[in-house]
Amino acid sequence: MRDVREALMAGRTSDGKPVLRPLSPHLQVYRPQITSVLSIMHRGSGIWLGFGTILLVWWLVALAGGAGAFAAVQRFLGSWFGMLLLFLWTAALMFHFSNGMRHLAWDAGAGFEKPTYHASGWTVVAAAALLTVLLWVIGLALG
Amino acid sequence: MANGGNMMMRSTLGRVRALGAARHGLADWWGQRVTAAALVPLSVWFVISLLAHRGADAAGMARWAGRPWNAVLLLALLIALFQHLALGLQVVIEDYVHGEAAKLGTLLAMKAALALLWLAAILAVLKLAFAG
């Protein structure tokens, strides 16, 4: 290697041999934008919600298992760690839900103009934040 | 004809190995969207139901889940949710796990784990439904 910039050129051919050649620009080259950041967050929140299904299944199985098992889940969800996880899952669900609507609109062919997808992106952020806070205010006020 | 006498635009080898799209290439794409659309009303219903039953004891919650329509909607939620999740995680794994063996192994492990979680949840809902 004669130049540090060649570190960014280290790739592999399709049969796995190391090769030095210009690579297509990757994440570190681009300034974060609302479109790219929300796209990454959609995937991230989806994966995080996937782990949340473990809690959902535990909750349902405990509910079917009787009062003792259900009390254990409720005790966990009432602890600070359980509440923190629940809050993060609420936020992830509200975001994935709102941004999912945006994706469905795109799939239907609507909203591809630049001002529109910037505005819809910020609307998704506001809606997710608002819904998360709203659900927790209602939940805690009723509790 | 070079193509084994068939009139299709696909090679015989491609057909034997079930490679290529014979109008089924969009099945996963559609599945992701259809389950997403189904999850819109189902997740709204589920979140509102949970909020409405805050503070309910085990017996009250179990009675709610066991009512016929609630059990049906819970089953629908679980079917759409796990299908949506499996398709989503499959795309993530296909994007980031390289090498055929590692990719296949990760995909199978993911599907197996989701299948077990899914069956456990389904069984729990059926038990609640038939207990009532």
Side-chain angles (χ1 to χ4, degrees), chain A residues 12 14 16 40 42-75 77-78 86 89-90 93-94 96-108 131-132 134-143, chain B residues 29-30 32-37 39-40 43-44 46-48 50-66 74-75 77-78 81-82 84-89 91-93 95-96 98-99 110 113-114 116-131:
Chain A
R12 281 183 186 278
S14 54
I40 293 164
H42 197 70
R43 187 166 269 202
S45 60
I47 296 169
W48 174 243
L49 286 167
F51 286 105
T53 57
I54 297 172
L55 172 74
L56 175 66
V57 173
W58 182 32
W59 187 81
L60 282 170
V61 168
L63 191 58
F70 192 65
V73 188
Q74 296 295 76
R75 216 173 16 257
L77 290 178
L86 261 190
W89 274 316
T90 313
L93 180 62
M94 293 305 113
H96 200 83
F97 182 94
S98 309
N99 203 43
M101 302 279 215
R102 188 162 164 253
H103 272 283
L104 286 175
W106 283 334
D107 291 332
L131 285 170
T132 305
L134 189 72
L135 283 178
W136 274 77
V137 166
I138 295 174
L140 291 175
L142 287 182
Chain B
W29 188 93
W30 267 108
Q32 191 76 37
R33 271 75 194 168
V34 170
T35 51
L39 283 168
V40 171
S43 52
V44 169
F46 185 64
V47 168
I48 290 178
L50 284 188
L51 262 189
H53 287 82
R54 252 194 73 83
D57 61 356
M61 205 71 232
R63 241 187 341 271
W64 169 82
L74 279 174
L75 291 175
L77 173 75
L78 289 169
L81 174 64
F82 275 88
H84 190 76
L85 178 60
L87 287 170
L89 289 181
V91 174
V92 173
I93 289 168
D95 278 355
Y96 301 131
H98 304 300
M110 179 271 288
L114 286 190
L116 288 177
L117 281 171
W118 185 64
L119 286 172
I122 295 276
L123 184 65
V125 173
L126 290 178
K127 190 179 169 204
L128 288 162
F130 291 128

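Chain A is the first sequence line, chain B the second, and so forth, proteins listed ahead of strands; every chain is numbered from 1.
- Nearest heavy atom pair, residue Val40(B) against residue Phe97(A), reads O-CE1, 3.6 Å.
- Within a 6.0 Å sphere centred on CH2 of Trp30(B), other residues, nucleotides and ligands contribute 12 heavy atoms or fewer.
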Inset, instruction - Quick one: do Asp57(B) and Phe70(A) satisfy side chain to side chain contact (heavy atoms under 4.5 Å, CB included)? Show the steps, please. - result: CA-CA 9 Å; Asp57(B) 61 356; Phe70(A) 192 65; over 6 Å; no

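- Proximity to chain A (any heavy atom under 4.5 Å) is shown, for Ala120(B), by both the backbone and the side chain.
- Counting heavy-atom pairs closer than 4.5 Å to chain A, the top-ranked of the candidates Gly55(B), Ser43(B), Ala62(B) is Ala62(B).
- Contact annotation for Leu89(B): only side-chain heavy atoms (C-beta onward) come within less than 4.5 Å of a heavy atom of chain A.
- If you measure heavy-atom distances from Leu56(A) to chain B, the contacts under 4.5 Å come from the side chain alone.
- Side-chain contact check for Leu93(A) versus Phe46(B): every heavy-atom pair is 4.5 Å or farther apart.
- In this structure, chain A has a heavy atom under 4.5 Å from the side chain of Leu50(B), while its backbone stays farther away.
- With a 4.5 angstrom heavy-atom cutoff, His98(B) does not touch chain A via any of its atoms.
- Heavy-atom distances place the side chain of His96(A), and not its backbone, under 4.5 Å from chain B.
- With chain B as partner, the option from Val73(A), Ile54(A), Leu135(A) having the largest number of non-hydrogen pairs under 4.5 angstrom is Leu135(A).
- Put simply, of Val92(B), Leu39(B), Leu78(B), the one with the most heavy-atom pairs under 4.5 Å next to chain A is Val92(B).
- The two atoms that bring Leu60(A) and Ala124(B) nearest to each other are O-CB, 3.5 Å, heavy atoms only.
- Closest heavy-atom contact between Ala58(B) and Leu63(A): O-CD1, 3.8 Å.
- Proximity to chain A is limited to the side chain of Leu81(B), based on heavy atoms less than 4.5 angstrom apart.
- Ranked by heavy-atom pairs shorter than 4.5 Å toward chain B, the options Gln74(A), His103(A), Arg43(A) are led by Arg43(A).
- With a 4.5 Å cut-off on non-hydrogen atoms, Leu104(A) touches chain B through its side chain but not through its backbone.
- Counting only residues at least two apart or in different chains, side chain to side chain donor-acceptor pair (under 3.5 Å) contacts with residues 48-63 of chain A are absent.
- More than 12 heavy-atom neighbours from other residues, nucleotides or ligands sit within 6.0 angstrom of CZ on Arg33(B).
- Across all non-hydrogen atoms, the minimal contact from Leu85(B) to Gly50(A) is CD1-CA, 3.5 Å.
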